[in-house]
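Taking it in order: structure first as structure tokens, then the write-up.
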Amino acid sequence: MYSEKVLDHFYNPRNVGELPDANAIGTVGNPRCGDIMKIYMKIEDDIIKDISFKTFGCGAAIATSSMATELVKGKTIQEALSLTNSAVTDALDGLPPQKLHCSVLAEEGIKAAIGDYYRRQGIDPEPIVGCSFDCEACHKEHHEH
Amino acid sequence: MYSEKVLDHFYNPRNVGELPDANAIGTVGNPRCGDIMKIYMKIEDDIIKDISFKTFGCGAAIATSSMATELVKGKTIQEALSLTNSAVTDALDGLPPQKLHCSVLAEEGIKAAIGDYYRRQGIDPEPIVGCSFDCEACHKEHHEH
Amino acid sequence: MRIVYADNAATTSVSRTALEAMLPYFTEHYGNPSTIYSVGREARRALDTAREKVAKALGTEAKEIYFTGGGTEADNWAIRGTAELRQKKGKHIITTAIEHHAVLHTCKDLEKHGYEVTYLPVDEYGRVTADQLRGAIREDTILVSIMAANNEIGTILPIKELCAIAHEKGVLFHTDAVQAVGHIPLDVKELDVDMLSVSAHKFRGPKGIGALYVRRGLSLPPLLTGGGQESGRRSGTENVAGACGMAAALEESVEHMDENVKKVSAMRDRLIEGLLKIPYSRLTGDPVNRLPGTASFVFEFIEGESMILSLDAAGICASSGSACSSGSLDPSHVLTAIGLPHEVAHGSLRLSINECNTEEDIDYILQTLPPIIQRLRDMSPLWEDYIKKFKA
Amino acid sequence: MRIVYADNAATTSVSRTALEAMLPYFTEHYGNPSTIYSVGREARRALDTAREKVAKALGTEAKEIYFTGGGTEADNWAIRGTAELRQKKGKHIITTAIEHHAVLHTCKDLEKHGYEVTYLPVDEYGRVTADQLRGAIREDTILVSIMAANNEIGTILPIKELCAIAHEKGVLFHTDAVQAVGHIPLDVKELDVDMLSVSAHKFRGPKGIGALYVRRGLSLPPLLTGGGQESGRRSGTENVAGACGMAAALEESVEHMDENVKKVSAMRDRLIEGLLKIPYSRLTGDPVNRLPGTASFVFEFIEGESMILSLDAAGICASSGSACSSGSLDPSHVLTAIGLPHEVAHGSLRLSINECNTEEDIDYILQTLPPIIQRLRDMSPLWEDYIKKFKA
Ligand SMILES: Cc1ncc(COP(=O)(O)O)c(C=O)c1O
Ligand SMILES: Cc1ncc(COP(=O)(O)O)c(C=O)c1O
């Protein structure tokens, strides 16, 4: 059911682990829903110098985490914010329909980390990144509001 | 589904054909219902000296005709009248349930021929053989009255 | 003893291709297609491929094909499902008097639950006309179910035309194509039907597997609920081997259809020509629009089952719609629907051949049947009466 | 790569005995059992013998066994059939919260049609008690349907006792014994159930065939109407090969049951013992009354599907009741019914073994799984948080 690319990113996830000197950390998802994603970034001069993730979730959740971090690594914040879930999915050669929501999580994770970055700088992230995705609700329920 | 005996009597029916010098002929059944049986007897001194049949019908109808004629051949009228459908069925090592009505036809055929014999002699057969089974109705419907 | 199997409308032998397509899915790729590991993925791939093959053979796409446990389940599902789906619109169903029991008895059952069913009568060849159907459609008609080809007399019905009439009036159309699929060219998109039933064992696939084509967008509710297999439409662990066997058999049938039709219908015509020489015999079904493999007759003055038994003794496998062979007192509803008197219908014989039969089989039947009929007539009091009437 | 198949509760490989029992009925004795000539009689005999074998294995007589297209059809038939049969008496059905979807979704469907269903909750081991059932039976209760053994957690339920309570109150009892038949001793007469569902592919028979035991005298109306096969109870040309395969597999299972139970449960116990050494792991299901082959767990801080994928990469086939592996957002209803919080239920793993597995398979699983769990936990932010909380 998974593409070769998905399986590759699941079995050999890129950028996995904590980032000790992260200055941007975002967590999205909810363990109740079966997936939670934590993104660590080191941002310098509006550029994502380094990035890593930790994910509790299914194969798709882990692979999209890995792919999303790859896609934004070295990119500007603006570029990272324009990352869509379908870009992540496409880069993985697609996902089974029932797994598409996992790719949403990756997009949200990136945004949540950038939101955190702004917040640490005393800037309200909402106008820039939109909803900061750190609410308690399950990310799916979240999407319904 | 048929026993060996049934098949033997179907493939090699005994006493099949017309009996030129018959003095007792009975026909039962109805072509609409898919089986009709004609019994010819030569009765002398209350004894069934010779007997034959012609049957339009399924394997069971033909086999029971054959067996019934065998069972009453050389017997007295009284003995023949006491022939039951289950005696015919037993002699054939049984019949499939949905074919049991065919054995009734054989019993009726014998009785109808004997009834004819009495009638030819000016004797009302009803008190002796019961219903004479020569009504127009289908032998099944007949049974319901 | 020589066996000549001439009852392919009842069931067929599984083809070598179909059997070989099945074998790996019993002991090797035996996984459950709903699972995600290697053994399950193999099974899923096989099931997907089977679905694509069946879809292609029917002129459609895989997502419109749902595997079932056979033709009967497909018929039940189409009819019961539509009844449930459309009950708000109405409770009237139209079918024909010559459908298979899988359709007929299902309609009868629905009658017990407040549905009304019109059974269109047929003419002497088993045909229904467009006008008949048009006249029968009412405001509350929700479904027309008409078979593509009849199993007893081989008549092929004008489904495309009939379906167009149903659609004109906004009524769903189902066809039981169990006898047609794999035997005559058939394209669901061209016919434009909404649902079409298939049964594998009629075209050299295995028994116990079939399919229902359901037009995309038609949200037919499931008949069997459970694990949500077949996109939630038909639950139950998928019969992977069966689906593979069915797909292979169908693919093979479609591939060789032209040559098979030619070969089989030539043999059928020899049977018809040869057996109609027997006095007091008639062909049943449409003389022109008929299944390539079906040669069906009535022989007067004798009863069908005794013919079948006699043929069996000579190694010929055939069937009859006589009362006795069906275990009831009435001959087949199809034979009475085409207007045959009961006593004639009792003498019915269906020889159904396919590409496995040979010219020698036909010779053998042609030479074996006439003396059997003679012998049975000689035993029949009806024949005796008839002959005497003429002598007199 | 070495393949260790440990998902026998999902489906099994067809045994050699079962396959050999099927093969003659595809290409040789391919007849339709409803026909009376030689080729059909062979098929009929085979079908009769298969029915007798299945009946014997279940402790009953052939006339109480009806072949179906699988366990799902058997469950649907038992429940929908009883609902129709007894609707005059009432419209209340009792089942449990841990039934297979074939039962649960069928009950849900009946709720849409005016039936009321009580889903008995279960305790942490998946057990229901006699008192619970007694308390739930009402005047209008028409059916109790409780599974013999659960497919996810392996708990065996006290059917005999539960059935006695239903019968005390004059209520029919059905049991979905799909996971139990062929694996644990089971006798329908001793259990005294009215209906019991069987599925062949759970005990090394083929997919797409099952059976429903229906107690003599219970006039369960058919689910599939048509040609009147199976004594008029289940229409459709009989899957002769499937029935033979099922019968052979069941006969073989019952014959070797004692040794299999001993061998398989010893391996299961090694799995349980070995894997419970992993920290933050728990066994699910009844620790004592459980299926011989089912070792089921939850491992905290990780998600089931990622475990399944990782095991698959090592050649181990297993399953999980996590949301992701079921394609929904919620973990399995069984795992939540036994009281597991969602986040824990997501980490479920079911290893289901049978007599085809070896001690080496067990060694391999015991050595492969712990590092996988470690790796996934190392990747999990939940684990990170948990560990930090302790360090702090
Ligand atoms: C026209 C027709 N419809 C339906 C069926 C039922 O198919 P199955 O026996 O595979 O359920 C048959 C054959 O039995 C048939 O000939
Ligand atoms: C307990 C239980 N009931 C019913 C079923 C359904 O059986 P089948 O898939 O053969 O229809 C299964 C397995 O899938 C099961 O485990």
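Each chain gets a letter, A, B and so on, in the order its sequence line appears, and its residues count up from 1. FYI, side chains are in, hydrogens and waters are out, and symmetry mates aren't considered; it's all heavy atoms of this structure.
With rounding to the nearest 0.5 angstrom, the CD1 atom of A:I48 is 6.5 Å from the CD1 atom of A:I110. Taking CD1 of A:I77 as the start and CD1 of A:I43 as the end, the distance is 4.0 Å to the nearest 0.5 Å. Taking OG from A:S66 and CG from A:D8, the interatomic distance works out to 8.0 Å, rounded to the nearest 0.5 Å. Remark: D:D176 CG to D:E99 CD distance equals 6.5 Å, nearest 0.5 Å.
Contacts of A:I36 with chain D are made by both backbone and side-chain atoms, with heavy-atom separations under 4.5 Å. At a 4.5 Å heavy-atom cutoff, the contact between A:A60 and chain D is made by backbone atoms alone.
Under the 3.5 Å distance criterion, with hydrogens and angles disregarded, a donor-acceptor pair is assigned to the side chains of D:S296 and D:T284. D:D7 and D:S319 share a side-chain donor-acceptor pair at under 3.5 Å.
Within the structure, every pair that satisfies the ring-ring contact (aromatic ring centres under 6.0 Å, His included) test and touches residues 358-386 of chain D, not counting sequence neighbours, is listed here: D:Y280-D:W383, D:Y280-D:Y386, D:F301-D:W383, D:F301-D:Y386, D:Y386-D:F390.
For the pairing with A:I114, the side chain to side chain contact (heavy atoms under 4.5 Å, CB included) check across A:V129, A:I39, A:I128 returns one residue only, A:V129.
The two atoms that bring A:V6 and A:L92 nearest to each other are CG2-O, 3.6 Å, heavy atoms only.
Applying the side chain to side chain contact (heavy atoms under 4.5 Å, CB included) test to D:L276 and every residue at least two apart in sequence or in another chain returns D:I272, D:S281, D:L283, D:F297.
With chain A as the partner, the residue from D:E343, D:M307, D:E384 showing the most heavy-atom pairs under 4.5 Å is D:E384.
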For the pair A:K54 and D:D385, evaluate salt bridge (charged side-chain N to carboxylate O under 4.0 Å, His left out) and give the outcome as yes or no after the intermediate values. CA-CA 11 Å; A:K54 280 205 159 182; D:D385 292 351; over 6 Å; no
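Among residues 13-21 of chain A, the residues having any heavy atom closer than 4.5 Å to a heavy atom of chain D are, in sequence order, A:P13, A:V16, A:E18. Applying a 4.5 Å heavy-atom cutoff, the residues of residues 369-377 of chain D that approach chain A are D:R375, D:L376.
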